[in-house]
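Here's the structure we're looking at; comments come further down.
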Amino acid sequence: MNGDLTTDEALSLIDPLLVSELPDGMVRELLDVARGIPHRSRFVLTTPQLNLIRRHRVLPLVPIEWADSAETAHERIRIAGLQLSLERSWRELNEVLGPLSDSVRVLKGMATSRLDYPTPALRHTGDIDLLVPSDLLAETADLLLRNGYKHESFVDIRRLPMDKGFPLIDKNGLEVDLHTRLLWKRSTEVRELFEKPVSIPSL
């Protein structure tokens, strides 16, 4: 039996509504846009469809003529501005980390926006996620806390029951999450990510 999934089958695992509620072929075209391939069709999105797209943070991939309104234009500008703010926060974070920056790995949006998209503005990113070796978590978090990063409540980092991340807020009000695992607390650490670093353009 072939274990490969079709695009629709893969999307159904993420959210069945992506298949049942969006026009046939739309998500495939959005994936093409993410790869730098110009869109070919013209869809007109309804409000529920647009809200579904917002929920999955792919509005920047939607061609303007598919959702041409003052509201979506404002939202695109806000998302692009947030991306720029996150990049500034990352540079400040990197300076604070100093030598420790060689021991952490950037995850998720900040990494994929540079590695997998034609332009970072196409990736809707909400925070900065760092993968930290578990034996450096306390040192990393303590360094950031001493340099103005905030945590909403006092936590003894050495006794932290890791679910997925230790959230901090930087001076710009943006979230920085320290992770020791890629998934939940029962998942194992991925040592290969620390052994084989990948350079991310302009970060």
Side-chain angles (χ1 to χ4, degrees), residues 1-69 72 75-76 78-80 82-83 86-87 90 105-132 162-165 167 175 177-201 203:
M1 179 178 177
N2 191 333
D4 293 337
L5 296 176
T6 66
T7 300
D8 283 351
E9 288 170 339
L11 291 171
S12 293
L13 292 175
I14 299 169
D15 185 346
L17 294 177
L18 291 171
V19 176
S20 65
E21 299 300 320
L22 295 180
D24 186 48
M26 175 182 285
V27 175
R28 294 184 191 89
E29 290 215 26
L30 293 179
L31 293 174
D32 283 344
V33 172
R35 300 183 187 105
I37 302 171
H39 68 281
R40 302 169 298 282
S41 304
R42 182 181 178 90
F43 296 101
V44 178
L45 291 167
T46 65
T47 298
Q49 290 170 342
L50 194 54
N51 288 337
L52 178 61
I53 283 173
R54 287 189 178 103
R55 189 163 74 241
H56 287 280
R57 289 188 172 186
V58 292
L59 180 63
L61 296 175
V62 175
I64 292 174
E65 58 266 34
W66 293 7
D68 187 11
S69 70
T72 55
E75 195 167 356
R76 290 174 194 274
R78 182 187 62 79
I79 293 169
L82 176 59
Q83 183 72 28
L86 285 167
E87 292 193 16
W90 164 247
R105 299 291 177 262
V106 186
L107 294 177
K108 299 164 66 175
M110 288 297 293
T112 59
S113 67
R114 292 288 178 178
L115 295 173
D116 298 330
Y117 289 77
T119 172
L122 292 178
R123 176 61 161 87
H124 184 177
T125 305
D127 57 13
I128 298 173
D129 294 280
L130 297 181
L131 187 66
V132 182
M162 286 297 296
D163 282 333
K164 196 170 69 164
E175 186 172 337
D177 291 334
L178 306 182
H179 302 263
T180 58
R181 296 168 175 82
L182 295 181
L183 297 171
W184 299 102
K185 61 183 177 182
R186 292 175 182 168
S187 66
T188 57
E189 291 191 57
V190 185
R191 287 292 175 183
E192 291 83 358
L193 289 177
F194 298 108
E195 295 167 359
K196 300 175 182 179
V198 174
S199 176
I200 299 176
L203 286 183

Any residue meeting side chain to side chain contact (heavy atoms under 4.5 Å, CB included) with Thr6, in chain and number order, not counting sequence neighbours | Asp8, Glu9
For residues 44-64, which residue pairs qualify under ring-ring contact (aromatic ring centres under 6.0 Å, His included), counting only residues two or more places apart or in two chains?
-> none
ring-ring contact (aromatic ring centres under 6.0 Å, His included) partners of Phe43, counting only residues at least two apart | Trp66
Side chains of Leu18 and Met26: closer than 4.5 Å at any heavy-atom pair?
-> no
Do Leu59 and Leu50 have side chains that get closer than 4.5 Å, going by heavy atoms?
-> yes
Tightest non-hydrogen contact, residues Pro63 and Leu30, listed as CD-CD2, 4.3 Å
Leu82 side chain reached by Thr125 side chain, heavy atoms, under 4.5 Å | no
Taking only residues two or more places apart in sequence, or in another chain, which ones meet Glu21 in a side chain to side chain contact (heavy atoms under 4.5 Å, CB included)?
-> Leu17, Leu52
With sequence neighbours excluded, give me every salt bridge (Lys or Arg N to Asp or Glu O under 4.0 Å) pair touching residues 53-67.
-> Asp15-Arg55, Arg54-Glu71, Arg54-Glu75
Sequence-distant partners of Ser12, side chain to side chain donor-acceptor pair (under 3.5 Å), two or more places apart = none
Could you list the residues that satisfy side chain to side chain contact (heavy atoms under 4.5 Å, CB included) with Asp129, not counting sequence neighbours?
-> Leu107, Lys108, Asp127, Asp177, His179
In chain order, what residues pass the salt bridge (charged side-chain N to carboxylate O under 4.0 Å, His left out) check against Arg35, with sequence neighbours excluded?
-> Asp32
Report the residues that fulfil side chain to side chain contact (heavy atoms under 4.5 Å, CB included) with Ile64, sequence neighbours left out, ordered by chain and then residue number.
-> Asp68, Arg76
Thr72 side chain to Ala67 backbone, donor-acceptor under 3.5 Å | yes
Any side-chain heavy-atom pair of Pro23 and Gln49 under 4.5 Å | yes
Set of salt bridge (charged side-chain N to carboxylate O under 4.0 Å, His left out) partners for Arg42, sequence neighbours left out | none
